[in-house]
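Order of listing sets the numbers, starting from 1, for every ligand and every atom in it.
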Amino acid sequence: MTQEPTPVPGPEDEGPRIVILTGAGISAESGLGTFRDAQGLWSAYNLEDVATPEGYAANPALVLDFYNARRANCRSATPNAAHAALARLMQVRPGRVTLITQNIDDLHERAGAAPVHHMHGEIMRALCATCGARWAIVDDIGLEESCPGCATKGRVRPDVVWFGEIPYGLEAIEDVLSSADLFVAIGTSGAVYPAAGFVAEAARHGAETLELNLERSEISSLFDRRRHGPATEIVPAWVAEMLGETFP
Ligand code: BJW
């Protein structure tokens, strides 16, 4: 009897299918503020004023200033060891790791991660509230900014998802959650839906679930396992473990 050759797994078939969801906590040690911590953005701003379509309609100058300042912070920030570790995991396990971020910063990309699914949009992109055109931006958005698509003035906003708006790419996210072997949430409080519901969704489809956060989050008890500490320590340690390495 001839023996069937053992299929040699290609790089795309190796290892568990991992879905990673990141939140503001992963960028905290790069100097970007979180939302709900004691010194977080929502302690200085009313979220209805700056993170809703109604807030933008009522006071566009306040909203543009808020995001212009955050864009400047983002430009001067650099990726940290947690961003770098996730990028390395994606490079070593091509096609097996899906990275979904709620963050609007570009620190995952600058660390070398690709692709990155920005479910709440990107601060380095603009959106025309009149025609829906989207384009890359580096500097401030002015009150009289005009759209390169329809030329309307004064209707340009950051391409980010505010409360009451539908996050980007939800269908694709549902797909990857339904076939994940492992779901990992990093640096997110679990206070905002639909992202806060992903752990339950992944678990319902049979994925193991892991929380990596500074401390217990609002939804910690939904995870099979949890590790608490600063992202720059616990994320590189977890990635090394996933890759069968010993962590210094
Ligand atoms: C560290 C650390 C370190 C600190 N190391 N860790 C029930 C079901 C479904 C929806 C709703 C619902 N009830 C209400 C809603 C609607 C609403 C919602 O969730 N409201 C809540 C207040 C309850 N959701 C929406 O409106 C969403 N849209 C929607 O639901 O559409 C309808 C729909 C959905 C699906 C299908 C069909 C229809 C849109 C939500 C948009 C959120 N937008 C924002 C702003 C984006 C732009 C910007 O950045 O300004 O997104 S709000 C803000 O919160 C931002 C973040 O992405 C998001 C999550 O915050 P995150 O990342 O978790 O940060 P924090 O600060 O909360 O937590 C940081 C964590 O890090 C903490 O745990 C720290 O401990 C930790 N940490 N340092 C490791 N060094």
Side-chain angles (χ1 to χ4, degrees), residues 20-56 62-71 73-74 77 79-83 85-86 100-108 116-127 157-174 177 184-201 210-220 223 226-238:
I20 298 171
L21 171 71
T22 63
I26 197 167
S27 297
E29 290 163 86
S30 292
L32 300 183
T34 62
F35 296 93
R36 294 167 187 84
D37 291 312
Q39 304 298 317
L41 288 166
W42 297 159
S43 68
Y45 292 87
N46 185 351
L47 72 84
E48 282 84 16
D49 293 343
V50 293
T52 62
E54 294 77 16
Y56 173 67
L62 174 76
V63 175
L64 293 180
D65 283 351
F66 175 71
Y67 284 98
N68 287 340
R70 288 179 60 200
R71 191 176 303 105
N73 287 345
C74 178
N80 64 45
H83 297 106
L86 295 186
I100 303 164
T101 188
Q102 298 168 86
N103 299 342
I104 61 175
D105 67 58
D106 60 357
L107 297 183
H108 282 304
V116 183
H117 300 273
H118 281 273
M119 64 177 290
H120 290 165
E122 297 175 63
I123 198 161
M124 305 307 287
R125 295 184 68 79
L127 163 66
R157 53 168 278 187
D159 185 12
V160 301
V161 177
W162 288 323
F163 286 105
E165 297 183 323
I166 298 186
Y168 292 140
L170 287 180
E171 260 183 46
I173 292 174
E174 295 267 313
L177 289 176
V184 187
I186 302 174
T188 178
S189 61
V192 175
Y193 287 85
F198 292 172
V199 57
E201 186 67 12
L210 169 67
E211 174 177 76
L212 301 176
N213 204 53
L214 187 60
E215 56 199 7
R216 283 186 73 88
S217 72
E218 293 187 20
I219 57 168
S220 275
F223 290 83
R226 45 211 142 253
R227 288 186 198 170
H228 297 141
T232 55
E233 293 175 16
I234 60 176
V235 175
W238 170 71

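Of the heavy atoms in E29, only side-chain atoms (C-beta onward) come closer than 4.0 Å to ligand 1. In T188, the parts holding a heavy atom less than 4.0 Å from any atom of ligand 1 are both the side chain and the backbone. Counting heavy atoms under 4.0 Å from ligand 1, residue I123 does not touch it at all.
Checked against a 3.5 angstrom limit, the closest N/O atoms of I166 and ligand 1 fall outside it. Checked against a 3.5 angstrom limit, the closest N/O atoms of A231 and ligand 1 fall inside it. Taking only nitrogen or oxygen atoms, main chain and side chain alike, W162 does not reach within less than 3.5 Å of ligand 1. Residue V192 has no nitrogen or oxygen atom sitting less than 3.5 Å from a nitrogen or oxygen atom of ligand 1, judged on distance alone. Residue P194 has no nitrogen or oxygen atom sitting less than 3.5 Å from a nitrogen or oxygen atom of ligand 1, judged on distance alone. Considering backbone and side-chain N/O atoms, G164 comes within less than 3.5 Å of an N/O atom of ligand 1. Polar contact with ligand 1: absent for S217 (N/O pair, distance under 3.5 Å). Inclusion of N213 in the set of residues having an N or O under 3.5 Å from an N or O of ligand 1 is warranted. Looking at F35 next to ligand 1, an N or O pair under 3.5 Å apart turns up.
In this structure, atom 16 (C) of ligand 1 has no protein heavy-atom contact shorter than 4.0 Å. In this structure, atom 37 (C) of ligand 1 has no protein heavy-atom contact shorter than 4.0 Å. Atom 13 (N) of ligand 1 lies below 4.0 Å from none of the non-hydrogen atoms of the protein. Distance check for atom 69 (C) of ligand 1: a protein heavy atom is found below 4.0 Å.
Residue V116 forms a side-chain contact (heavy atoms from CB on, under 4.5 Å) with just one option from T101, T22, L86, and that option is T101.
Side chain of E29 to backbone of A231: a donor-acceptor contact under 3.5 angstrom is found. A distance-only check finds a donor-acceptor pair linking the side chain of N213 to the backbone of T188 [under 3.5 Å]. Proximity of a side-chain donor or acceptor of R125 to a complementary backbone N or O of D159 within less than 3.5 Å is not detected.
Not a single heavy atom of A51 lies less than 4.0 angstrom from ligand 1. In this structure, P167 has a heavy atom closer than 4.0 Å to ligand 1. Within the 4.0 Å heavy-atom cutoff, R70 counts among the residues contacting ligand 1.
Taking only non-hydrogen atoms, the option from Q102, E165, H118 nearest to atom 28 (N) of ligand 1 is E165.
Looking only at protein heavy atoms, the nearest one to atom 51 (O) of ligand 1 is H120 ND1, 3.1 Å. A24 N, 2.8 Å is the protein heavy atom nearest to atom 62 (O) of ligand 1.
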- Message: Does Y45 form a side chain to side chain contact (heavy atoms under 4.5 Å, CB included) with V63? I'd like the steps, not just the answer.
- Response: CA-CA 10 Å; Y45 292 87; V63 175; over 6 Å; no
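A side-chain donor from one of H83 and S27 sits under 3.5 Å from a side-chain acceptor of the other.
Looking at F35 and L47, their side chains never come closer than 4.5 Å, going by heavy atoms from C-beta outward.
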